[in-house]
Structure formats: C-alpha cells, structure tokens
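The block underneath contains the structure these notes are about, expressed in structure tokens.
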Amino acid sequence: MSQHGATELEHQEHHVVGPKVYLAVFFALMICTGLTTWVAFIDLGVLNPVIALAIACFKACLVVLFFMHIHYSSKLLKLTVASGLFIFLVLVTMTLSDYISRAWGLW
Amino acid sequence: MDSPAIATGNGEVLAEAHAHPAHLRHHFETVEQQRDAASFGMWLFLLTEVMFFGGMFMAYLVYRNWYHPAFVAGCNTLNIWLGTINTVVLICSSLTMAMAVYSAEMRRKKSLITYLILTIVLGIAFLGIKSVEYAEKFELHHVPGASFSIEQFVHPTNPKAVALAPDMAEKTQVYFSLYFAMTGMHALHMIIGITILLILVVRAFGGAYTDGHMTTIENFGLYWHFVDIIWIFLFPLLYLISRYR
C-alpha cells in the first residue's frame with residue numbers, strides 16, 4: 001500500500017517524451033540542414049555567416065529542448081544550462097573585447 | 001550493509017526492508033530525486049565540454065578575422081556535400097538515440113537494442129565519411145606540417161578563387177590546424193561514444209535499462225546529443241560560411 005503510494009509519488013513529475021515529438025524535431029532539423037546548405041550557395045555578403053549561425057543556434061535549441069528534454073526538465077536544470085551558456089558568452093565577449101581594443105585607433 | 005528502514009518523503013518510515021526499487025540508493029529519498037541528481041551531474045559535465053570546445057571555437061573566431069582570405073580559401077577545399085551528408089547522418093543517429101531512451105522508458109528490450117545498434121551504425125558511417133575527407137586532405141598536402149603545400153592557394157585552379165600571396169597562403173595552415181583539431185576532437189568524442197554504446201548494447205542484452213532504471217541510457221543520450229550539437233556548429237563554420245558564390 002505505502003509502496004504503491006511511493007511509486008505514484010516518484011513518477012508524478014517525470015515526463016516521457018514520445019516518438020511524435022522526436023519525429024517532429026527530426027524533420028525540423030532536416031529542413032534546417034537543407035536550408036543552411038542551400039543558403040550557403042547564395043551571395044548575401046556579411047549576412048551569410050549570420051544566417052548560417054542563426055540556423056545552427058535554432059537547431060541546437062531544438063536538440064537541447066526536446067532531444068535532451070530540457071523543455072520538460074526542472075527549473076534547476078533549465079537555470080543550470082542557461083547560466084552555463086551565459087558564462088560561455090561572457091568569456092567570448094571579454095576575449096573579443098580584448099582583441100578589438102589591442103590596436104585601438106591604429107586601423 | 002543496507003539500512004533496514006528508509007524514510008519516505010512524507011516522513012513516514014517504512015517498516016519492511018527494501019520497500020523501494022533496488023536501484024534507489026539510500027542517500028536519495030525518491031527515485032525522482034536520484035534521477036534529477038544524475039541528470040544535473042551530467043549537465044555539469046556537458047557544460048565543461050562546452051567550455052572545452054568553446055576554446056577552439058574562440059580560436060576559430062579570432063583567426064578567421066585575422067586571416068580571412070586564408071580561411072575562405074581553406075573552407076572552399078572542403079566538400080560541402082560530404083559535410084551535408086554527415087550532418088544528416090548525425091541527426092539521424094540523434095533520432096535513433098532519442099528513440100532508444102524512449103524504448104528504455106517503455107521497457108521494450110528488443111527495440112532498445114535495435115535503436116542502440118542503429119545509433120552505432122550511423123556513428124560508424126559518420127566516421128567513415130570523415131575518414132574519406134581526411135584521406136583527401138593527406139593526398140592534396142593540406143595537412144599542416146612539413147608536407148603542407150601552398151601551391152593550390154597561390155595558383156588556384158578554381159576560376160572563382162582569389163590567388164593568395166605566399167605569406168597569406170601559409171596561413172591556410174591555421175585554418176587546417178583548426179579544422180583537424182575541431183573535427184578530430186569531435187571524432188574522438190564519437191569514438192568514445194561508440195565504445196560506450198557497444199557496452200550499453202551488451203548490457204541491454206542482459207536485461208539492463210528496461211527494468212525501470214535507465215539513468216545510464218538517459219545520460220548517455222545527453223552525451224550523444226551534445227556531440228551532435230558540436231557538429232551542428234562545426235558544419236556551418238568549417239564548410240558553409242565562406243563558399244565562393
């Protein structure tokens with residue numbers, strides 16, 4: 001009796017992600033892959049790397065949210081992932097600000 | 001060795017010993033808590049991996065700005081179609097891995113084993129295509145080092161290509177060094193992943209992961225998807241963004 005109660009408690013929060021979601025994400029990733037390769041052949045000047053990286057970020061978000069279950073995870077886990085990526089962006093920004101300012105005024 | 005009673009979340013003490021799943025460690029109150037702790041730990045590991053690959057992405061960003069013509073020339077020596085096929089292969093392997101996690105969740109042993117083996121096959125296919133690309137680099141003398149040849153960059157055969165001055169042509173070695181470092185570390189992660197997958201398949205045959213305890217499969221899935229994400233960024237940066245158009 002108490003064992004049954006405990007089992008219910010254990011499983012109430014856990015979310016099982018099913019094949020429908022996985023397939024939808026898979027097809028979205030495939031379309032994005034086709035799109036990013038197609039765009040690579042079009043001359044958009046400075047926008048080419050921007051669009052390629054935007055598509056890559058979108059694909060990465062899909063993988064993290066659905067394949068890696070972050071969309072269904074606890075707030076603690078969401079915060080952990082977000083803060084990890086934020087720290088990475090801080091490091092990139094600070095490193096770039098160093099390189100940009102080394103030859104300040106000399107270009 | 002095992003304590004005779006455990007406290008439940010309600011503060012009520014279970015009288016009988018082991019009135020909980022065998023895989024629940026005694027320092028956790030519930031299976032859910034144990035599961036959360038395991039994926040939290042795995043995510044912390046993956047964030048250190050983000051920093052590890054992040055360093056190389058950072059180097060790529062800075063060097064690409066310094067030696068842009070060399071990076072454009074280097075990028076165009078890669079085969080965009082092999083890169084696209086490899087991206088597709090890797091996304092397929094992510095799908096089969098996600099389905100393996102789902103099969104473990106549903107306690108379906110046969111489909112778990114099938115999806116794990118499919119993931120291995122797709123992983124090996126990726127490495128096979130990658131090795132074809134690496135072999136071509138050796139043939140063309142595009143591997144940084146003593147046998148590196150700047151010939152193709154100083155006197156390009158492609159009419160769209162811009163001929164580089166010899167000093168800038170030498171800097172294509174920076175591009176190829178980063179290419180081999182980044183795809184090489186990515187391939188190493190794939191090799192480690194495939195090795196672990198083989199162990200998982202053997203243990204799944206023995207009935208593991210389909211008995212309700214599937215933390216190992218879940219955490220390995222996170223690792224495999226992470227390796228996929230690294231490729232999702234490597235592909236546009238190395239293959240796509242500097243094509244001649």
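In the text below, chain A, chain B and the rest are named by the order of the sequence lines, each starting its count at 1.
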Between A:Phe67 and B:Trp224, does the ring centroid distance fall short of 6.0 Å? no

Closest heavy-atom contact between [X] and [Y]?
X	Y	answer
A:Val81	B:Leu47	O-CD2, 4.3 Å
B:Leu240	A:Ala40	CD2-CB, 3.7 Å
A:Met68	B:Leu222	CE-O, 3.2 Å
A:Ile87	B:Met51	CG2-CE, 3.9 Å

Report, as yes or no, whether the 6.0 Å neighbourhood of atom OH on B:Tyr244 holds more than 12 heavy atoms from other residues, nucleotides or ligands. yes

More than 12 heavy atoms of other residues, nucleotides or ligands under 6.0 Å from CZ of A:Phe88: is that the case? yes

Check whether any side-chain heavy atom of A:Leu77 sits under 4.5 Å from a side-chain heavy atom of B:Asp36, and report yes or no. no

Hey, what do you get for [atom1] ([X]) to [atom2] ([Y]), rounding to the nearest 0.5 Å?
X	Y	atom1	atom2	result
A:Lys59	B:Thr87	NZ	OG1	5.5 Å
B:Asn86	A:Thr33	CG	OG1	11.5 Å
A:Ser74	B:Arg35	OG	CZ	12.5 Å

Could you tell me which portion of [X] (side chain, backbone, both or neither) has an atom closer than 4.5 angstrom to a non-hydrogen atom of chain A?
X	value
B:Trp81	side chain
B:Ile230	neither
B:Ile229	side chain
B:Gln34	neither
B:Ser242	neither
B:Phe235	side chain

Identify which part of [X] has an atom lying under 4.5 Å from any heavy atom of chain B, answering side chain, backbone, both or neither.
X	answer
A:Val17	backbone
A:Cys57	both
A:Ile55	neither
A:Leu29	both

Quick one: list whatever passes salt bridge (charged side-chain N to carboxylate O under 4.0 Å, His left out) with B:Arg25, sequence neighbours left out. none

Inter-chain contacts: residues 88-102 of chain B against chain A, heavy atoms under 4.5 Å: B:Val88, B:Ile91, B:Cys92, B:Ser94, B:Leu95, B:Ala98, B:Met99, B:Val101, B:Tyr102

